[in-house]
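In what follows, every chain begins at residue 1, and chains take the letters A, B, ... in the order their sequences are listed.
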Number of protein chains: 2
Amino acid sequence: MTETPNETPDNAPQPERFNQARAAQAMAVLEDYAEMIGDLMDEMGEARITDIAARMGVTHPTATKAVARLKREGLAMSRPYRGVFLTEAGVALADRVRGRHRTVVDLLIAVGVPAETAELDAEGLEHYVSATSLAAFEMFLANSAARS
Amino acid sequence: MTETPNETPDNAPQPERFNQARAAQAMAVLEDYAEMIGDLMDEMGEARITDIAARMGVTHPTATKAVARLKREGLAMSRPYRGVFLTEAGVALADRVRGRHRTVVDLLIAVGVPAETAELDAEGLEHYVSATSLAAFEMFLANSAARS
DNA sequence: ACACAAGTGTAGCCAAGGCTTTAATTGGCG
DNA sequence: CGCCAATTAAAGCCTTGGCTACACTTGTGT
Ligand SMILES: [Mn+2]
Ligand SMILES: [Mn+2]
Ligand SMILES: [Mn+2]
Ligand SMILES: [Mn+2]
């Protein structure tokens, strides 16, 4: 018979890591919408609800709700029946998110992930890469490039 | 003046990647609870709601709800006021998730992320690593080990 | 034996992020 | 100019994953 320990071992995992992951999760949707609105303004001159919804793969009421949250958080502005615009903070977020997305894709490719898969996985992964990890990724990529 | 294009460019991103990320997200909580229940059964001989909640960093009603969902999905079983057990499918999921978690941590460390940060980030990242990427990670780690 | 603390269950609240349905506005075209 | 299709808004539903407050079991210690 194997014995059945009932004392909690001192190597019991701490719950903080889950809180960090939950915090990242709460930002994920906001980040994707901010980036998308930035893309649309660059490509089309404006970001309309319909286009945002189409590119995010959701219905337009869902996009409207997300934009409402962006506005509430001071990341976007809009007036009824007009397009959506990013605030200064929104633009800053969008740029940061875009850069991080690219770095994540590049790192995945650098360790041997097929480009197509890298692009798919990065869309989820990007939101959970801390500043520390991102810096390490960039260092790794710089070294890879130099060594090649 | 910069011109304002209004035609959607043919390089417009496809929304499938967001759907993939959303699908992964829907599994994330289930995966973490399954892994945690597996850990508790190994370490303590049983998984009690209170211990699950403490380790996940949530209140016990939240843990109860998650377990209810695990049961609904055929991954766990339990009777009132008794501990929680994993089904065969639950054990399989827990094992898969545990292995993937380790591989993600190892990959992060291999590309230069500090061990402590790697552990924190992995808790969120793991759920968005596809089978294809995971295989690439393992290949990369095997090659790194060989080359060192 | 039983009182009481710890553990567990249950009800109900909230926000987020999906959805459908219905109403209102806009803007282009005949 | 005025009509109509496309766009946007608004209302309301669902599930998930948090929470608090309260009720009920369990099982240990005296
Ligand atoms: Mn994303
Ligand atoms: Mn992205
Ligand atoms: Mn996790
Ligand atoms: Mn994990």
Engineer: Please give, in whole Å, the distance from dA15(C) P to Q25(A) CD?
Structural biologist: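 After rounding, the gap between these two atoms is 17 Å.
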
Engineer: R69(A) side chain N/O closer than 4.0 Å to the phosphate oxygens (OP1, OP2) of dG18(C)?
Structural biologist: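 Answer no for this pair, as no side-chain N or O of R69(A) is under 4.0 Å from OP1 or OP2.
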
Engineer: Look at all strands and tell whether T59(B) reaches a base, only sugar-phosphate, or nothing, counting heavy atoms closer than 4.0 Å.
Structural biologist: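 Base contact.
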
Engineer: Quick one: on DNA chain D, does R72(B) or R79(A) contact a more 5' nucleotide (nearest heavy atom)?
Structural biologist: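 Closest to the 5' end, via its nearest nucleotide, is R79(A).
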
Engineer: I'd like to know if R17(A) pairs up with E116(B) as an ion pair, taking the criterion as any Lys NZ or Arg NE/NH1/NH2 lying under 4.0 Å from an Asp or Glu carboxylate oxygen.
Structural biologist: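 Salt bridge flag = no for E116(B) with R17(A).
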
Engineer: Looking at R48(A) and E46(A), is there a salt bridge between them, counting it only when a charged N and a carboxylate O are closer than 4.0 Å?
Structural biologist: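 A salt bridge links E46(A) with R48(A).
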
Engineer: Okay, side chain of T117(A), backbone of V113(A): is any donor-acceptor separation there less than 3.5 Å?
Structural biologist: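 No; judged by distance alone, with no hydrogens or angles, the pair does not exist.
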
Engineer: Taking only side-chain nitrogens and oxygens of R22(A), does any of them come within less than 4.0 Å of OP1 or OP2 of dA16(C)?
Structural biologist: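 No, because none of the side-chain N or O atoms of R22(A) sits under 4.0 Å from OP1 or OP2 of dA16(C).
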
Engineer: For a quick test of reading the model: is some side-chain N or O of R82(A) closer than 4.0 Å to OP1 or OP2 of dG27(C)?
Structural biologist: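 R82(A) to dG27(C) OP1/OP2: side-chain N or O found under 4.0 Å.
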
Engineer: From CE of M56(B) over to C1' of dG17(D), roughly how many Å is that when rounded to an integer?
Structural biologist: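 Rounded to the whole Å, the gap is 11 Å.
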
Engineer: Let's see if you can work this out: which of dC19(D), dT26(D), dT25(C) has an atom nearest to the side-chain heavy atoms of T62(B)?
Structural biologist: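 Closest nucleotide among those given: dC19(D).
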
Engineer: Looking at R48(A), does any N or O in its side chain come under 4.0 Å of the phosphate oxygens OP1/OP2 on dT8(D)?
Structural biologist: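 For dT8(D), OP1 or OP2 has a side-chain N or O of R48(A) closer than 4.0 Å.
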
Engineer: In whole angstroms, how far is the C1' atom of dT16(D) from the CG atom of L70(B)?
Structural biologist: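 So the CG-C1' distance, L70(B) to dT16(D), works out to 13 Å.
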
Engineer: Starting the side chain at C-beta, find the nucleotide from dC24(D), dC19(D), dT7(D) nearest to Y81(B).
Structural biologist: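 Minimum distance to the Y81(B) side chain belongs to dC24(D).
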
Engineer: Could you tell me the separation between the CD1 atom of I52(A) and the P atom of dT7(D), rounded to a whole number of Å?
Structural biologist: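 From I52(A) CD1 to dT7(D) P: 13 Å.
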
Engineer: With a 4.0 Å cutoff (strictly under), does any side-chain N or O of T64(A) reach OP1 or OP2 of dA10(D)?
Structural biologist: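 So the side chain of T64(A) is outside the cut-off, no N or O lying under 4.0 Å from OP1 or OP2 of dA10(D).
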
Engineer: Has the side chain of H60(B) got a donor or acceptor atom sitting under 3.5 Å from an opposite partner on the base of dG9(C)?
Structural biologist: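 Between dG9(C) and H60(B), which were checked side chain against base, a qualifying N/O pair under 3.5 Å is present.
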
Engineer: Please determine whether side-chain hydrogen bond (donor to acceptor under 3.5 Å, both in side chains) holds for the pair E31(A) and H101(A), giving the CA-CA distance in whole Å, both sets of side-chain angles, and the decisive distance to 0.1 Å.
Structural biologist: CA-CA 11 Å; E31(A) 290 177 346; H101(A) 185 112; over 6 Å; no

Engineer: Report the residue (K65(A) or P80(A)) whose heavy-atom-nearest nucleotide on DNA chain C is the more 5′ of the two.
Structural biologist: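 Closer to the 5' end of DNA chain C: K65(A).
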
Engineer: Where does the angle between the aromatic ring planes of Y128(A) and Y128(B) fall among parallel (under 30°), tilted (30 to 60°) and perpendicular (over 60°)?
Structural biologist: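 If you compare the ring of Y128(A) with that of Y128(B), the planes turn out parallel.
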
Engineer: How many Å lie between CZ on F18(B) and P on dC19(C), as a whole number?
Structural biologist: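 Going from F18(B) (CZ) to dC19(C) (P), I get 14 Å.
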
